[in-house]
Amino acid sequence: MRRVTIYDTMSREARVFAPIAPPRVGLYVCGLTPYAPAHVGHGRTFVVFDVVVRALRHWGYRVFSVQNVTNLDDKLIARAAEEDDDPLQLAERNFAAFRRSMTELGVTSVDYYPFATDYVPEILQQVRMLVDRGYAYVADDGSVYFEVAKFPAYGRLSGQKLSQLQPGARVEVDARKRAPEDFVIWKAAVPGEPSWESPWGPGRPGWHIEDTAMTGRLLGARYDLHGGGADLIFPHHESEIALSESATGEAPMVNYWIHVAFVIFQGEKMSKSIGNVLDLQAAIEGVGPGALRFYYLNAHYRSPLDLVPDRSLAEAREAYDRLAQPARRIEEILARDGAERSGDPIPAELAAASDELIDRLDDAMADDFNSREAIALLFGWTRRLGELLEGLDHLSGDGLTALAEPYRWAQEVLGLFVERAAGDARELERVVPVLIAARSRARARGDYAEADRIREELGAAGIRLEDGAAGTRWSLADPH
RNA sequence: GCCGAGGUGGCAGAAUGGUUAAUGCGACGGACUGCAGAUCCGUUUCCUGGGGGUUCGAUUCCCUCCCUCGGCUCCA
C-alpha cells in the first residue's frame with residue numbers, strides 16, 4: 001500500500017499514516033450545525049474531507065466515513081424561536097439543502113450522517129459513566145458538567161495552558177460551574193424546548209458529548225482520523241478527547257487530527273456570526289460546482305484561502321475550464337465512437353508519460369493530500385495535449401484512453417470533471433449537428449445573416465457554437 | 001496576555017539547503033475566424049516581511065523583531 005503522510009495537529013508534524021486495523025480506516029468529521037444555510041467556508045472543509053476519503057480509497061483503504069449533524073443546540077433553538085419554528089424541523093430543512101449542495105459539489109464519500117438527537121441513549125450512558133467515575137458533577141438545576149481539572153492532559157491538542165486562558169473572553173462564565181473551564185455535557189431543560197428524561201431530570205445533550213457518544217458507538221474508543229474546521233480545535237476537539245478518554249479509559253481517542261484552514265473573506269474568517277458569508281448554494285449556481293470544487297482544491301487544505309470578491313471564483317472558473325478542455329474533447333470522441341475506435345496510435349513516449357504522471361499525481365496526494373501540486377501536474381498535461389487538440393479525431397481509442405487517464409484519475413480522486421458524466425446531451429447530439437450543417441451551408445454561400453441567426457437562436461437555447469479550423473463545435477453554454 | 005497558523009510576482013497559490021522559485025489567473029503579442037467567441041502557441045529575465053546567525057551556498061535551518069489571520073468554552 002502506498003506510503004501516505006498526514007499532518008497531525010496533535011503532534012504538529014506530518015507522520016506516516018498507519019491505521020489501527022488496515023485496510024480499514026475510521027474517519028469522523030465534525031459537520032454542520034444547520035441553524036442557517038451553509039456558506040462557502042463550510043464547503044471547503046467538506047470537499048477537503050471528501051478528497052481525503054477518495055484518495056485513501058483509491059489506494060486500497062476501506063474507509064468508513066462519518067459526518068455528524070448537530071441538529072439541536074442553543075443557536076437552533078434561538079433561531080427557531082425568532083422564526084416561530086420548531087428547532088428540529090429547522091435543522092432538518094437546512095440539512096436537506098446542505099445535502100443537495102454537497103451532492104452537486106460531488107461530495108459522495110460520506111457513509112453516514114448521524115443526527116445528535118438520534119443518539120440520546122448513548123449520550124446519557126456516557127454522561128452517567130462520567131458522573132460515576134467522578135469526572136463530572138451535577139449542578140443544582142440538574143445540568144451536568146465535566147470537571148476539566150480531573151483530566152490533566154486537557155490543552156494538549158491546542159497547546160493551551162489552562163492557567164493562561166481568559167475566562168469570559170467571548171462567552172460569559174456560567175455561575176453553575178465549579179471552574180470556568182468546566183463545560184456542560186447535559187443541559188437542564190428549559191420549558192418549551194425539546195428535552196429528554198434523564199436521571200438528573202429532563203434535559204438535552206451538551207455539544208461536545210454528542211460527538212464522543214457517536215464515535216464511541218460508531219467507531220469505537222480508539223479510531224484513526226478525526227477532522228473538522230480549524231476553529232474546532234479548541235474547545236471542541238480538546239473537550240472530546242477529555243470526554244472520550246475519561247469515559248472509556250482508552251487513549252488516544254484519535255491517531256491523526258486533521259484540521260482545514262479557513263476561507264478568508266473581506267479580511268476575516270468567513271463566519272455566520274460575523275456575517276461575511278457567501279451562500280454555498282448561490283456560489284454553486286453562480287460559478288458551477290466543478291469550478292467551486294476546483295477553487296477549494298487549488299490550495300493546500302492547511303493554508304488559509306483568500307477569497308477575493310468578484311474575482312477568485314471567476315478566476316477558478318477560467319482555470320478549471322482550461323484544465324478540462326482536452327478531457328472534454330477526448331471524452332466526447334470516446335463517448336461517440338467507443339473506446340474501440342480505430343485510428344492512429346499515440347507516440348510511445350506519450351503513453352509512458354501518462355503512466356508516469358499518474359504515479360506523480362498519487363505521490364502528490366500521498367504527501368499530506370497536496371491537491372494543489374496535483375492540479376499543477378494536471379495543467380502540465382493539458383498544456384502538453386494542447387498541440388494535439390485539433391488532431392484528436394485521428395487517434396485510436398486506445399490512444400485517446402491513454403491520454404484521458406490522468407483526467408480520469410482526477411475524476412476519481414479529486415472529484416473534478418464529474419459533469420462530464422452527466423450525459424444529458426444525448427438527444428441534442430442528434431439534433432444540433434443538423435442545425436450546424438444548415439448554418440455551414442449558409443456561411444458557405446455568404447449568407448451570414450442567416451448563419452448568425454442560427455447561432456444566436458441556439459445560444460438563447462443554451463447551446464454555444466464555436467467555429468474553429470476543424471469545423472464548428474458545440475457545447476452546452478454553461479457546462480458546469 | 002497566552003496558544004496556533006501564516007507573510008512568496010499585478011492577483012491567487014505550490015515547492016525546495018544549490019542550475020532559469022512551480023502552476024494558474026490577468027496582461028501583452030501571434031495563429032485561427034466573414035465577424036464574434038472559444039481554443040491553441042509565445043512572452044511576462046528585477047517576487048520569498050525586516051534584522052542577525054549557521055553554511056561554500058538560506059526563500060528553506062536557528063534567533064529576534066514587525067505585521068496579518070484564527071482560538072481563549074458560539075463556529076467548517
Side-chain angles (χ1 to χ4, degrees), chain A residues 9 12 29-33 35 38-46 48-49 70 73-75 78 148 155 157-174 177 180-184 206-208 227-236 238-239 259-264 267-274 294-295 298-300 302-308 311-312 314-323 325 329 364 367 370-373 375-380 383 385-390 443 446 448 451-452 455 459 464-470 473 475:
Chain A
T9 307
R12 299 187 206 298
V29 175
C30 284
L32 201 66
T33 302
Y35 74 88
H39 58 65
V40 167
H42 297 121
R44 179 183 193 189
T45 298
F46 303 125
V48 164
F49 283 105
T70 302
D73 81 332
D74 293 350
K75 294 214 161 185
V148 170
L157 179 69
S158 58
Q160 301 276 7
K161 291 188 185 69
L162 281 179
S163 58
Q164 296 292 350
L165 295 178
Q166 292 193 332
R170 283 174 65 181
V171 176
E172 284 193 39
V173 176
D174 187 331
K177 296 177 180 181
E181 65 269 22
D182 294 349
F183 55 87
V184 69
W207 178 30
H208 312 305
D231 48 356
L232 297 179
I233 296 172
F234 188 93
H236 185 52
E238 200 75 76
S239 300
H259 290 101
V260 180
F262 303 118
V263 174
I264 305 295
E268 290 176 284
K269 155 189 161 187
M270 185 178 289
S271 164
K272 283 180 280 198
S273 52
I274 296 169
F294 173 90
Y295 173 70
N298 201 207
H300 189 97
R302 282 190 286 113
S303 299
L305 186 49
D306 202 346
L307 178 63
V308 182
R311 182 169 185 163
S312 297
E315 182 179 315
R317 179 63 195 274
E318 292 300 320
Y320 176 65
D321 281 346
R322 171 149 179 264
L323 181 65
Q325 189 65 28
R329 299 207 181 172
D367 179 13
N370 193 339
S371 56
R372 182 54 182 99
E373 185 66 27
I375 286 173
L377 290 168
L378 288 167
F379 267 110
R383 209 163 55 164
L385 298 194
E387 293 162 342
L388 294 176
L389 232 42
E390 292 303 330
R443 293 173 72 208
Y448 296 119
D452 288 351
R455 182 171 61 191
R464 182 175 57 197
L465 299 190
E466 296 157 18
D467 297 325
R473 72 171 50 254
S475 58

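Excluded from the calculations below are hydrogen atoms, water molecules and symmetry mates; all remaining heavy atoms, backbone and side chain alike, are included. Predicted, not measured: the structure shown is a model, and the values here were computed from it.
For the OP1/OP2 pair of A76(B) and a distance below 4.0 Å, the side-chain nitrogens and oxygens of K272(A) include at least one atom meeting the criterion. For U23(B), neither phosphate oxygen OP1 nor OP2 lies less than 4.0 angstrom from any side-chain nitrogen or oxygen of N298(A). OP1 or OP2 of G71(B) has at least one side-chain nitrogen or oxygen of K269(A) nearer than 4.0 Å. Side-chain N/O atoms of T9(A) include none lying less than 4.0 angstrom from OP1 or OP2 on G4(B).
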How does protein reach along nucleotides 34-40 of chain B, written 5' to 3' as B (base within reach of a heavy atom under 4.0 Å), S (only sugar-phosphate), or - (no contact)? BBBBSSS
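Distances were taken from every side-chain heavy atom of A299(A) (C-beta onward) to each of A14(B), U73(B), G6(B); the shortest belongs to A14(B). Residue E373(A) has its side chain nearest to A15(B) when only A15(B), C72(B), G24(B) are considered. Comparing atom distances between the E315(A) side chain and each of G24(B), A14(B), G6(B) picks out G24(B) as nearest.
Using a 4.0 Å heavy-atom criterion, one finds that A230(A) contacts no nucleic acid atom at all. Residue F262(A) is in base contact, counting any heavy-atom pair closer than 4.0 Å across all strands shown. Nucleic acid contact class of L305(A) (heavy atoms, under 4.0 Å, all strands): sugar-phosphate only. G31(A) comes within 4.0 angstrom of sugar-phosphate atoms only, judged by non-hydrogen atoms across all strands, and of no base. G380(A) comes within contact range of no nucleotide atom at all, as no heavy-atom separation falls under 4.0 Å. Residue-level contact check: L232(A) touches the backbone only, with heavy atoms under 4.0 Å from sugar-phosphate atoms and none from bases. Using a 4.0 Å heavy-atom distance criterion, V263(A) is classed as a base contact. At a threshold of 4.0 angstrom between heavy atoms, the contacts of S158(A) are confined to the sugar-phosphate backbone, with no base atom among them. Residue contacts shown for G41(A) include a base, since a base heavy atom lies under 4.0 Å away. When heavy atoms are screened at a 4.0 angstrom cut-off, S239(A) is found touching no nucleic acid atom at all. Using a 4.0 Å heavy-atom distance criterion, E268(A) is classed as a sugar-phosphate-only contact. In this structure, H259(A) reaches neither bases nor backbone, as no heavy-atom distance under 4.0 Å exists between it and the strands shown.
Using atom C1' as the reference point in both C47(B) and G24(B), the two lie 16 Å apart (nearest Å). Between the C1' atoms of G13(B) and C66(B), the separation comes to 24 Å (whole Å). As rounded to the nearest Å, A36(B) and U45(B) have P atoms that lie 30 Å from one another. To the nearest whole angstrom, the two P atoms, one in C72(B) and one in U64(B), are 27 Å apart. Going from the P atom of A22(B) to that of C46(B) covers 9 Å, rounded to whole Å. The P atoms of C25(B) and G42(B) are separated by 13 Å, rounded to the nearest whole Å. U44(B) sits 16 Å from G10(B) when the P atoms are compared, rounded to a whole Å. Taking atom C1' on both C69(B) and C35(B), the two are 50 Å apart, rounded to the nearest angstrom.
Taking the six-membered ring for Trp and thresholds of 30 and 60 degrees, H208(A) and F183(A) have ring planes more than 60 degrees apart, a perpendicular arrangement. Between Y320(A) and F294(A), the ring planes lie tilted relative to each other; the angle falls in the 30° to 60° range.
In this entry the distance linking CG of D306(A) with P of C69(B) reads 11 Å, nearest Å. Between the P atom of A22(B) and the CG atom of N370(A) lies a distance of 16 Å, rounded to the nearest Å. If you measure from atom CD1 of I264(A) to atom P of C11(B), you get 17 Å, rounded to the nearest angstrom. Atom CG in D367(A) sits roughly 12 Å away from atom C1' in U16(B) (whole-Å rounding).
Side chain of R44(A) to main chain of A261(A): a donor-acceptor pair is present (N/O by atom type, distance under 3.5 Å, no hydrogens or angles). Not a single donor-acceptor pair under 3.5 Å links the side chain of Q160(A) to the backbone N or O of G155(A).
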If pairs are Watson-Crick or G-U with both distances under 3.5 Å, what is the dot-bracket string of RNA chain B, marking crossing pairs with [ ] and pairs to another strand with |? (((((((..(((.....[....)))((((((.......))))))....(((((..]....))))))))))))....
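Ranked by how close their nearest RNA chain B nucleotide is to the 5' end, R311(A) and T45(A) are led by R311(A). When each of S303(A) and G267(A) is assigned the nucleotide of RNA chain B with its nearest heavy atom, S303(A) is the one assigned upstream, toward the 5' end.
Rounding to the nearest 0.5 Å places CD of Q325(A) at 6.0 Å from CG of L389(A).
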